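Data block below; observations after.
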Amino acid sequence: MTTTDRGTHLDVEQTDGLLDMDPEAFRAAAHAVVDLMADYLASVERFAVFPSVEPGSIAPAFPTAAPEAPEPIAAILDDYRRLIEPNATHWQHPGFLAYFGTTASGPGILGEMLTAALGQNAMLWRTSPIATELEGVVVGWLRQAVGLPDSFDGLITDTASTSSLIALAGAREAASDDGARMRVYASVEAHSSIEKACMTLGLGRDALVRIQTNDRFEMRVDELREAIARDRKADLRPIAVVATVGTTSSTSVDSVKEAAAIAEAEGLWLHVDAAYAGAVAIAPELREPFHGWERADSVVINPHKWLFTPLDASLLLTRRMETLRAAFSLVPEYLRTLDRQAPVRDYNEYTPQLGRRFRALKLWIQLRWFGLEGLRRRIRHHLELAAAFAKWIDDDPDWERLAPVPFSTVCFRYRPAGSEGSEEALDDTNARIMDAVNRTGEVFLSHTRLAGRFTIRLAVGNLRTEARHVERAWEVLRAAAEEEAG
Ligand code: PLP
C-alpha cells in the first residue's frame with residue numbers, strides 16, 4: 001500500500017502486500033465510514049422504513065463469486081451506499097414501530113466501533129482481563145439500576161434466546177435427574193425461544209407445558225398449579241416455571257409473585273423473561289409489574305431492545321451462577337490457564353459457546369453517556385407516546401383496542417362502528433390496512449393474533465421516535481381504513 005497522500009487514501013490501490021490495511025489508509029477510510037454513518041443517521045427518514053423490494057430481487061445485484069483481485073475501499077463504500085443502505089429495513093428510522101424496537105444509539109455505535117478495533121475475545125480472563133472484569137462491573141450496574149439485590153450475579157449474552165437457554169440448562173442441572181421426563185411450564189403467550197430452549201437442551205418440545213391465559217393474556221396460576229400436580233402424578237419431573245413480564249404479542253404481565261410462590265413450594269427454578277419490558281424497571285416508580293422477580297432464579301432483560309444498545313446484548317441475571325457453571329463448564333488443557341490458582345472468572349464456563357464478544361464496552365459507554373436518568377426520561381416518554389396512541393384508539397368508535405397496555409405497545413384493530421362483517425372479513429381488512437400503512441414507507445407496523453383475531457401492534461421503543469411520528473402513524477392508519485371503507 002502506498003501512502004503518499006493522506007487526503008487521497010481512499011483512492012489508493014492495494015499492492016500485493018501481506019499485511020492488513022495500512023493504518024493511515026485505515027484512518028482515512030474510517031473517517032469516510034464515520035461520515036457515512038452520520039449522514040445515514042441524520043437523514044434516515046429519507047428512506048422508506050421497509051424498502052420497496054421483492055424477495056430475491058437484491059442478490060442478483062451482487063457478483064456470484066468473490067473478486068480475485070483486491071478492490072479499492074472507495075468502490076466498496078460506493079456500493080455500500082448503492083446496494084446495502086437502500087435495501088435495509090430501517091430499524092433506525094423513527095417510524096419503525098414494529099415488533100420491539102432495537103435502536104443502535106450513537107454512543108452504542110461508538111462502542112461497537114471500539115469493540116471491533118480492540119478485537120477482544122472474552123472467553124477467559126486471560127484472553128481479555130478488561131472484557132472479563134468490565135462485564136462484571138456492567139452487570140452490577142444494570143442489576144442495581146433495575147432494583148435487583150446483590151444476590152444476583154450474571155453475564156451478558158447475545159440474545160434473550162441464549163439467555164433463556166442458559167437459564168433452563170441451569171434448571172435442568174439443578175433438578176435431580178432420576179430418568180423421569182422433565183417438564184417446563186410457561187404460558188401460551190411465552191416467547192418461542194422457551195420452546196426452542198427445550199428443543200435444544202434435548203428435553204423435547206413436549207417438555208414445554210403451555211399454560212392457558214386469562215382474558216388479559218396473563219398466565220393462569222390455577223392452571224399452572226394443576227398442570228404441575230397432574231404431571232407429578234404421571235411421574236413426570238417438573239423443573240422450571242417461566243413467567244413473562246411483557247409478552248411478545250400483547251406485552252401482558254404474568255404474576256411473578258404468584259409464579260414465585262408456586263416455584264418455591266414445588267422446588268422449581270423460576271425464570272423471568274423480561275426481554276423487552278425489563279428496561280422499564282430502571283424507573284423505580286414503574287416497578288410494580290416486576291414485583292416478586294427478586295425471588296426468581298434467573299431473569300433476562302435485553303439491552304438491545306429498550307435500552308437502545310446495538311444488537312446484540314442480552315443481560316442474564318441469576319442467583320445461581322454456580323449452577324450455570326456446573327451446566328456448562330468444560331475446561332480442556334488448551335484453555336487451562338495458570339490463573340486458575342487465582343479467583344478469576346472465565347465467562348465461557350457459563351455459556352454454550354467459547355468465543356465471546358466484548359459487549360460490556362458498548363454498555364459501559366452508553367450507560368455513562370445517557371446516565372440512568374437519561375434512559376429513564378426516554379422510557380417514560382415512550383410510555384406517554386403509547387398511552388396517547390391508545391387513547392386515540394379508545395376514543396374512536398371505529399377502532400378497537402385488543403389488549404391492555406402495560407408498557408409501550410398498543411394492540412388494536414379497525415372495526416367500524418355498526419359493521420356486520422365476519423371475523424374473517426375483519427382479519428382481511430386489518431391485514432390490508434397494515435399492508436397499506438407499511439407501503440407508505442413512513443411507518444412500519446407488525447401484527448400478531450390475539451384471541452384468534454388479526455391484531456395490529458404499534459410498539460414505541462425507538463430512540464428517535466417523536467410524538468409527530470406516532471401522530472403520523474395514526475393519520476396513515478385512518479387514511480388506509482377510509483380507503484378500505486371505500
Ligand atoms: N422473550 C421475549 C418476551 C421477546 O419478546 C423476545 C423477542 O422479541 C425474545 C424473548 C427473544 O429475543 P432475542 O431476539 O434477543 O432472542
Side-chain angles (χ1 to χ4, degrees), residues 89 91 96-104 108 142 146 154-169 184-201 208 210-211 213 217-219 240-254 256 259 270-281 289-290 293 296 298-317 351-353 356-357 359 362-363 382 386 403 405-411 444-450 455 457-462:
T89 298
W91 289 72
F96 188 102
L97 300 164
Y99 310 107
F100 290 131
T102 290
T103 316
L142 287 167
V146 298
L155 65 154
I156 300 167
T157 76
D158 54 357
T159 57
S161 303
T162 299
S163 294
S164 291
L165 172 77
I166 294 172
L168 290 178
V184 173
Y185 304 83
S187 92
V188 289
E189 294 292 326
H191 191 261
S192 54
S193 55
I194 304 303
E195 192 165 336
K196 267 201 188 176
C198 291
M199 290 158 66
T200 311
L201 289 168
L208 182 62
R210 293 280 194 172
I211 306 297
T213 52
F217 309 104
E218 301 156 347
M219 180 157 63
V241 175
V242 179
T244 311
V245 180
T247 57
T248 312
S249 282
S250 71
T251 73
S252 61
V253 177
D254 294 339
V256 179
L270 175 63
H271 177 56
V272 174
D273 180 354
Y276 150 72
V280 166
F290 305 92
W293 72 342
S298 53
V299 172
V300 58
I301 299 169
N302 270 6
H304 76 216
K305 285 191 163 59
W306 209 356
L307 286 176
F308 320 123
T309 308
L311 205 89
D312 49 21
S314 175
L315 173 70
L316 176 62
L317 294 170
T351 64
Q353 88 281 22
R356 303 177 72 249
R357 302 184 67 225
R359 298 187 182 88
K362 62 187 171 187
L363 286 165
H382 289 170
V405 182
F407 302 108
S408 66
T409 301
V410 186
C411 294
F444 188 49
L445 303 175
S446 60
H447 80 282
T448 188
R449 221 166 248 286
L450 289 175
T455 303
R457 287 166 82 264
L458 180 140
V460 184
N462 185 299

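Counting convention: from 1, in listed order, for ligands and their atoms alike. Please read these numbers as outputs of a predicted model, since none were measured by experiment.
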Next on the checklist: As an exercise, identify every atom of ligand 1 less than 4.0 angstrom from a heavy atom of G246.
Outcome noted: 3 (C)
Checklist entry - Step by step, would you call R357 with D158 a salt bridge (charged side-chain N to carboxylate O under 4.0 Å, His left out)? => result CA-CA 9 Å; R357 302 184 67 225; D158 54 357; over 6 Å; no
Checklist entry - Can you list the atoms of ligand 1 that are under 4.0 Å from a heavy atom of F100? => result 5 (O), 8 (O)
Next on the checklist: Walk me through whether V300 and T157 qualify under side chain to side chain contact (heavy atoms under 4.5 Å, CB included).
Outcome noted: CA-CA 10 Å; V300 58; T157 76; over 6 Å; no
Item to check | Y99, portion touching ligand 1 at heavy-atom distance under 4.0 Å | outcome: neither
Next on the checklist: Distance under 4.0 Å to a non-hydrogen atom of S193: what atoms of ligand 1 satisfy this?
Outcome noted: 10 (C)
Item to check | Exercise: do E189 and S187 side chains pair donor with acceptor under 3.5 Å | outcome: no
Item to check | For A275, atoms of ligand 1 separated by under 4.0 Å from a heavy atom | outcome: 1 (N), 2 (C), 10 (C)
Checklist entry - Which ligand 1 atoms, with their elements, are less than 4.0 angstrom from a heavy-atom of N302? => result 12 (O), 13 (P), 15 (O)
Checklist entry - Have H271 and S164 got a donor and an acceptor in their side chains that come within less than 3.5 Å? => result yes
Checklist entry - If you measure only the distance, is there a donor-acceptor pair under 3.5 Å linking the side chains of S314 and S163? => result yes
Item to check | Polar side-chain atom of S446 near backbone of Y99 as donor-acceptor pair, under 3.5 Å | outcome: yes
Checklist entry - Do T448 and S249 have side-chain N/O donor and acceptor atoms under 3.5 Å apart? => result yes
Checklist outcome for this item: Counting heavy atoms under 4.0 Å, the part of A160 that contacts ligand 1 is both
Checklist outcome for this item: If you compare L165, T409, T248 by their heavy atoms, the one closest to atom 4 (C) of ligand 1 turns out to be T248
Item to check | Those atoms of ligand 1 less than 4.0 Å from some heavy atom in H304 | outcome: 15 (O)
Checklist outcome for this item: Going by the 4.0 angstrom heavy-atom rule, the piece of S161 near ligand 1 is both
Item to check | T247, portion touching ligand 1 at heavy-atom distance under 4.0 Å | outcome: neither
Next on the checklist: Whether the H304 and T102 side chains hold a donor-acceptor pair (N or O, under 3.5 Å, no angle test) is what I'd like checked.
Outcome noted: no
Checklist entry - At under 4.0 Å between heavy atoms, which part of D273 makes contact with ligand 1: side chain, backbone, both or neither? => result side chain
Checklist entry - Where is the nearest protein heavy atom to atom 11 (C) of ligand 1: which residue, which atom, and how far? => result H191 CE1, 3.3 Å
